[in-house]
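Protein chains get the first letters and strands the later ones, always in sequence-line order, with residue 1 at the start of each.
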Amino acid sequence: MPRTDFGPPKYTEMLPPVIQENYGKWKYHEIPQPGVLKHVSETGAALYTVRIGSPRLLSIDFLRNICDLADKYCGGYLRFTSRHNVEFLLSEAQNVDPLLAELAAQGLPVGGTGNSISNIVHTQGWVHCHTPATDASAVVKSVMDDLTGYFTSMTLPAKCRVALACCINMCGAVHCSDIAIVGIHRKPPKVDHEMFAKVSEIPNVVAACPTLAIKPNPKTKSVDINEERCMYCGNCYTMSPALDIVDPENDGVAIFVGGKVSNARSGPMFSRLAIPYLPNNPPRWPEVTDAVRKLVEVWAANAHPGERYGEWINRIGWERFFKLTDLPFTDKHIDDFTYAAPTFRSTTNFKF
Amino acid sequence: MPRTDFGPPKYTEMLPPVIQENYGKWKYHEIPQPGVLKHVSETGAALYTVRIGSPRLLSIDFLRNICDLADKYCGGYLRFTSRHNVEFLLSEAQNVDPLLAELAAQGLPVGGTGNSISNIVHTQGWVHCHTPATDASAVVKSVMDDLTGYFTSMTLPAKCRVALACCINMCGAVHCSDIAIVGIHRKPPKVDHEMFAKVSEIPNVVAACPTLAIKPNPKTKSVDINEERCMYCGNCYTMSPALDIVDPENDGVAIFVGGKVSNARSGPMFSRLAIPYLPNNPPRWPEVTDAVRKLVEVWAANAHPGERYGEWINRIGWERFFKLTDLPFTDKHIDDFTYAAPTFRSTTNFKF
Amino acid sequence: MADSKTPNLDELEKGPWPSFATEIKKAAATKANAKGLMMQLERSYKEKRGHWKHGGIVGVKGYGGGVIGRYSDSPQENPEVAEFHTIRVNQPAGWFYNTDSLRKICDIWDKYGSGLTNFHGATGDVILLGTTTANLQPAFDELADAGFDLGGSGSALRTPSCCAGQARCEFACFDSMALCHELTMAFQNQLHRPMWPYKFKIKMSACGNDCVAAIGRSDFSVIGTWRDSLVIDQAAVKEYAAEGLDIRGRVCEPCPTKCLKFDEKNAELTVNAEECVRCMHCINAMPKAIAPGKERGATILVGGKAPIVHSPLMSWVIVPFMKIEEPFTEVKDLLLKIWEWWDENAKNRERLGETIVRKGMRNFLKAVELEAKPQMVFQPRANPFYFWWPDEINSSDPASEETSND
Amino acid sequence: MADSKTPNLDELEKGPWPSFATEIKKAAATKANAKGLMMQLERSYKEKRGHWKHGGIVGVKGYGGGVIGRYSDSPQENPEVAEFHTIRVNQPAGWFYNTDSLRKICDIWDKYGSGLTNFHGATGDVILLGTTTANLQPAFDELADAGFDLGGSGSALRTPSCCAGQARCEFACFDSMALCHELTMAFQNQLHRPMWPYKFKIKMSACGNDCVAAIGRSDFSVIGTWRDSLVIDQAAVKEYAAEGLDIRGRVCEPCPTKCLKFDEKNAELTVNAEECVRCMHCINAMPKAIAPGKERGATILVGGKAPIVHSPLMSWVIVPFMKIEEPFTEVKDLLLKIWEWWDENAKNRERLGETIVRKGMRNFLKAVELEAKPQMVFQPRANPFYFWWPDEINSSDPASEETSND
Ligand code: SRM
Ligand code: SRM
Ligand code: SRM
Ligand code: SRM
Ligand code: SF4
Ligand code: SF4
Ligand code: SF4
Ligand code: SF4
Ligand code: SF4
Ligand code: SF4
Ligand code: SF4
Ligand code: SF4
């Protein structure tokens, strides 16, 4: 019998001494400069954290390099954040500046703290997944290239969490991000009947369709799709490779805005549709980077200090959002899915 | 051919001269005392309205009596309100007090204006409908007897609209009233298979059930009810008299609170479940009158001036509402119908 | 009282609120069927249940509705109410009456009915409670002579109703009574001959206070509003201030968009009109000082209804602003388009709102030729499951006209 | 560059943000499969489409998951990535590493994989990207020797994750890393052997800021909170005031329940603790002056998930407050009860939240033995369609215990 189920290494082995000694005793923190946190303990001890942006898709060279840096400045400890940034954990104040200098020399951006745009939580895209409607890494790289200035500063009204998912499975917390970029298909899958008969189970595929668009076809031992009912979710494709939904001409991305998960001030909110479609335009997706920048800028210019994206929109109203961003409002924006009715404006109170 | 489709009398024939002359020219109004409105026109003319409570179920004697009064004081004109009160329309200020005196002598309550409890919009009940789970008129009479003091004064934080529907068809605007009393059944219908086979159409009845609890029974040429799925809505009974749902021991009323329809300040809101069940206890329904009075009093004592019932609850939170009213919160309060999920508390922000 | 036959009804005569039991007793004094009702109702209070059966179809010549058939479930015990039908009579717009007309109704109901009525039914009709099948036609004939026609019932247009509006209210943004009357007259056929999948209700309130509760319970609501800025009379503001009204606390604070500023020193009130959502609050609070704007009209909303079967629905915006002027052609045309689509697409017993929810706003809007507007929603969708029209997709140009952002 | 074989990837090396393209190229320099990936990806940028096929089932001995099988759809063109599987490695709680461990992972992936990784996957695992079926077992064996086990995949418990909590944060209301580790260890079988209707995710954040976005994307969220009053250090308040923080405007005003009062004269801040909803805002704004209360624990929420299939769901409250203390028996017991009910009641590919929505909270609560509490809802139902348990109804006593109001 092979050894199994021994679980991950215990986290206690992974903590630098300053944390082991002050675990649960932290008293407050400061952000001396963008990308640098100072946590102070009841005991008076201080922990300095230096956060760098990461492409998340890392070669072992990158990993070995940050290990070198951690050995040099942090006694051999480091961590990653829930948004995939790297954090160097320093117990010696005097190590901070040399580390920052070395990071600068290597071209690694320091930031992501406070009222910034931190890393884009994202997914596999064309690098590894089989269902993407867009790429992940290249879009993220292009958008972050454009927004690095917001990563390395803290000048925004509040945090702005950008996320990307390469299909509507929405791996990540994309459905509740300030700005969410989502890969979408726009045409029903094409059924390869021959392949279907060989590799797929009819009932599973039929059941997978949320709009009941799929009907069994006993003749072909396959299925037919009622194209009028299909909303291109790709759920059937996840169940059967014979239902290819990829279409380079029509696939692209949609942008949703205004989500959050923190309970700070207001409760969590879903992201909501702002831009139904932008084309896939590799390698730089200029339509997407422009749109995201504009979305950030309109918010930054209009929100009250402390207001997250969705909080700002809730204050001014979505009709104002569309006016200020100059984005067209279309029939696609109006929900017609499970919880549509409560989103309809059932009052005469609105702005023109 | 008989004369048909000539429509209602034209309203212009029904308007007193002061209205005809000042139609569309009203400038402002005052409420000199509860139940009396003074509307002043651009022309300087004034219209006095005296509003009395009405049982709505009126004999022709009552009608002839108010006609007499209208002839005497109002030049032969009167109206009814959208809440079924009677309004005397006076163009002579000096007629107001004599009219009030005569109404007082007849025991007719004057009021329902401003921050009061106006008449209870209600339905047929045991007087005329075939589906009621409770009576209408007797419950309304009992509740209004208890609340007449709030009709004849204007001391509440805001208007409080009370409504009653004798079954969950909710004739009226019961589903968006400050306090809504609704007749409910609590047991599945009993199927009279013999009668069913004679008088009902299976597909219509099966289709009528929102929870898909009804299945055709080809043997009996009737239907069977999956009692676990039935939520006693009576929709099938509306389609077939063979599905009697009335049960004197278990029928009763539920009370919903916090609805409104005006757009003033906040938009319209649905009424929401406060008390899942109170028994039918004719002729006076003491459990219901007590519950309504308590609901009114807790709101009156705690709301800010100008706050409707639902606005008050939205400010303090439903968890506070249940604490202040000391009403038990049960699994019945938690929605499990069409739009349930958005009502679930998806935040850690709440009060204990 | 000890041996009264109606101890429950007797009890219900007591108390300060005018008593329906007294009304029934008054009618019962002269009318056998009112007495029958009284006795059957007394039994209901004892047994805690109603005693009416499902109605059969009864009516008057030339009409498909307007009468609710009603039969006692125990005609042996209460033969006087073996038949006890209701006639729905279309009220005059705004529920205004001259006493002549009202007395005529009384006389007719004295002659043919139980002498009992509802002024009014929850939809707005005059409800004449309780008569026999045989009496329906003669009663109607005399009502017709008196100028009164039937209201709606069944799967038809229901009797439209409206607030007093310009007849008695300074807030009115359009002539609700004229519109109500005109629509009622224009759609008599739809009102009197059920031919749709289900009922259809129209109500209109001449301002956002919505004094007929249109938004909650009509398939088609017309609610008055304005497009420019509300009008403030500073002299009147000063008077309110002088009288001690806490303008900042009671008027500005509750303004939902905080777009009112009160300058305490000069007792001057200003509005940021662009941010005003026309909620009526400040106008309600200071009717002498603030009035709706000059460019008046209405918002059109659809879909309101009671909870059965899928959920209650509150009407939602489909036309943010429409001028409402005689002969009201725009409203009528819109109604016709809506009915055409609904009639074609609705399931049996499916209200307009339910059909729209099932088919999606996009199909509805396309059919009735309205453009999507952000005023139609509180919030856009939170899911990525939307449809593309065939002409928005093509194989050469991936970005459709509507959504490209160049 | 003109004749580069990877003009698109070259372009993606430019710009200030660290480049994944550079990472791939670095790996491609020594690894054939990384080079295969590079070339296939370049083709994807040209053709605007991915080139991966549905994964078959591959894995390592004794495990039902932890590997995502992946095959190129055009192995003739890119034979190096004909097989390109991913191994999910369970991260240490909180994503803390010593460099020894991290270097070991690098060495193993140098030997058996493409040299490419994700630190981390969106669920929280270390993602080792790209290897062959043959290399899976030896890679795992060496990972095991280095102390690393597999993470979750398929219809199983997914790798739990948590915020840094008490390790690095003064706001932590419970020990999120200890809980995360303990649950991971306690439920190894559920994590490694898919046996449920669908995936199940657990995440924990030690305060309401929810730095792992638990509420939006886990079936079971544990979010730190407290039950008594937050603690205010008035001396520190004075310091903030002296430094010029606009306490009224930036701290009190945004408080959702307006339960903070700032006395400007004395620079004193007070809270009406009963009205505080523990939203963290004031604490975030003044971390030196305000701290969570002393009676700490967590709120338990369930049901969060992405939009597919019926709609996105945000987790909702099922336990308003629970003490979270080793050995975390209460949390574990609750999880076991939830799984039992879900496993029995869920349809294929139905997440917990969807099952609860379909079956109703009342059935869920009964099964997991929790009482209904108003904290579970924003608002009670707006429809009259609720069920009665058989024992609440009887023929003699109409008022059930639970709802009588005597
Ligand atoms: C390191 C990290 C946790 C971890 O275990 O990895 C973390 C760390 C801290 N968070 Fe966070 N948050 C981290 C992800 C998050 C997330 C999750 C996410 O983004 O996916 C959220 C929820 C975001 C959302 O609502 O969509 C999050 C919402 C917050 C908030 C609430 C902000 C708000 O106003 O809504 C605070 C409070 C604040 O910043 O005022 C906060 C505060 C903090 C503090 C100040 C807590 C402390 O005292 O140590 C830490 C430094 C914050 C900073 O960067 O300024 N953290 N924080 C994560 C860093 C991610 C990154 O690399 O950028
Ligand atoms: C007569 C009537 C219209 C009619 O055509 O019959 C009417 C008449 C007036 N309403 Fe109304 N409302 C009338 C039913 C309603 C309804 C409908 C209902 O109750 O079913 C509503 C919506 C109620 C709701 O939201 O649930 C209604 C919500 C208002 C409001 C908004 C109140 C609020 O703050 O939400 C105002 C403004 C105010 O009172 O400040 C208002 C204001 C007025 C004014 C002041 C308008 C005016 O200047 O003439 C009238 C006298 C009000 C009073 O009684 O104090 N009227 N009013 C109705 C009298 C009913 C009765 O007998 O009591
Ligand atoms: C008489 C009246 C109640 C009253 O005492 O005032 C009434 C009485 C009945 N209503 Fe109603 N509804 C009356 C106004 C309403 C209203 C209010 C309104 O119209 O503004 C509503 C809620 C608004 C709405 O339509 O959504 C209403 C929602 C219903 C429903 C649920 C319809 C729905 O789609 O939600 C039913 C069920 C049905 O149609 O099968 C219903 C069915 C009925 C029936 C016909 C019973 C039935 O199942 O066949 C009742 C006949 C009673 C009788 O014997 O006289 N009644 N009904 C009201 C009509 C009087 C009038 O014409 O003026
Ligand atoms: C690798 C990862 C994305 C990444 O780049 O980080 C990922 C990748 C995939 N996800 Fe995911 N999901 C990943 C985190 C998520 C998350 C976020 C989370 O776990 O916090 C979500 C949203 C939260 C949720 O679960 O609701 C997520 C929601 C989905 C869904 C939709 C599930 C749903 O019920 O809503 C699917 C569809 C499915 O399961 O068929 C899916 C399916 C998939 C599959 C297995 C594709 C499929 O249809 O078979 C992807 C495999 C890609 C590959 O080839 O490697 N993935 N997926 C993440 C896992 C890494 C890890 O273990 O750390
Ligand atoms: S979002 Fe879709 S395409 Fe992207 S990794 Fe997840 S399942 Fe694959
Ligand atoms: S893509 Fe989605 S909607 Fe279209 S057929 Fe497949 S499962 Fe159904
Ligand atoms: S509420 Fe129900 S019982 Fe009452 S009148 Fe309407 S349909 Fe009849
Ligand atoms: S009462 Fe309602 S839920 Fe019960 S069987 Fe009849 S239609 Fe279905
Ligand atoms: S709805 Fe407006 S216009 Fe009509 S009566 Fe009420 S307050 Fe006046
Ligand atoms: S009408 Fe309403 S929104 Fe407009 S200024 Fe007055 S209170 Fe504010
Ligand atoms: S969730 Fe709270 S306790 Fe955890 S890291 Fe974020 S701020 Fe700190
Ligand atoms: S934690 Fe939130 S609710 Fe509580 S006092 Fe602070 S800001 Fe107010």
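- For C/Leu116, the parts lying under 4.5 angstrom from a heavy atom of chain B are both the backbone and the side chain.
- The backbone N or O of C/Pro18 sits nowhere less than 3.5 Å from a side-chain atom of B/Lys141 that would complete a donor-acceptor pair.
- In this structure, B/Ser82 contributes its side chain and C/Cys211 its backbone to a donor-acceptor pair below 3.5 Å.
- Contact annotation for C/Lys14: both backbone and side-chain heavy atoms come within less than 4.5 Å of a heavy atom of chain B.
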So B/Thr4 and C/His192, side-chain contact (heavy atoms from CB on, under 4.5 Å) or not? Walk me through it.
CA-CA 9 Å; B/Thr4 63; C/His192 288 142; 5.9 Å; no
Test side-chain contact (heavy atoms from CB on, under 4.5 Å) on B/Leu78 and C/Leu102; report intermediate values, then the result.
CA-CA 10 Å; B/Leu78 78 173; C/Leu102 210 48; 3.7 Å; yes
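- The shortest distance between side-chain heavy atoms of C/Leu9 and B/Pro283 does not fall below 4.5 Å.
- No salt bridge links B/Asp135 with C/Arg49; every basic N to acidic carboxylate O contact stays at or beyond 4.0 Å.
- Here the CZ-OG distance, from B/Phe270 to C/Ser311, works out to 6.0 Å after rounding to the nearest 0.5 Å.
- Side-chain atoms of C/Trp17 do not come within 3.5 Å of backbone N or O of B/Ser142 as any donor-acceptor pair.
- For the pair C/Glu170 and B/Val40, the minimum side-chain heavy-atom distance is 4.5 Å or more.
- A search for side chain to side chain contact (heavy atoms under 4.5 Å, CB included) contacts involving C/Pro256 returns C/Val277, C/Cys279, not counting sequence neighbours.
- Residues B/Arg56 and C/Gly121 approach most closely at NH1-CA, 3.4 Å, considering heavy atoms.
- When only modelled atom types and interatomic distance are considered, B/Ser262 and C/Asp210 share no side-chain donor-acceptor pair under 3.5 Å.
- Salt-bridge formation is detected for the pair C/Asp107/B/Arg64: a Lys NZ or Arg NE/NH1/NH2 atom is positioned less than 4.0 Å from an Asp or Glu carboxylate oxygen.
- If you check the side chains of C/Thr86 and B/His128, you find a donor sitting under 3.5 Å from an acceptor.
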Kindly determine whether C/Arg103 and B/Asp71 satisfy side-chain contact (heavy atoms from CB on, under 4.5 Å), including the steps that lead there.
CA-CA 11 Å; C/Arg103 287 184 199 279; B/Asp71 287 341; 2.5 Å; yes
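- Only the side chain of B/Leu108 comes within less than 4.5 Å of a heavy atom in chain C; its backbone stays farther off.
- What you find for C/Ala144 and B/Phe6 is that their closest heavy atoms are CB-CZ, 3.4 Å.
- With respect to the salt-bridge test (charged N to carboxylate O, under 4.0 angstrom), the residues B/Asp244 and C/Lys53 do not qualify.
- Ranking C/Gly124, C/Ala93, C/Ala27, C/Gly115 against chain B, the residue ahead of the rest is C/Gly115, based on heavy-atom pairs under 4.5 Å.
- Taking a cutoff of 4.0 Å between a charged side-chain nitrogen and a carboxylate oxygen, B/Glu30 and C/Lys288 qualify as a salt bridge.
- Remark: B/Asp61 CG to C/Lys25 NZ distance equals 14.5 Å, nearest 0.5 Å.
- Scored by the side chain to side chain contact (heavy atoms under 4.5 Å, CB included) test, C/Gln166 finds B/Tyr23, C/Ala172, C/Asp175 as partners (sequence neighbours excluded).
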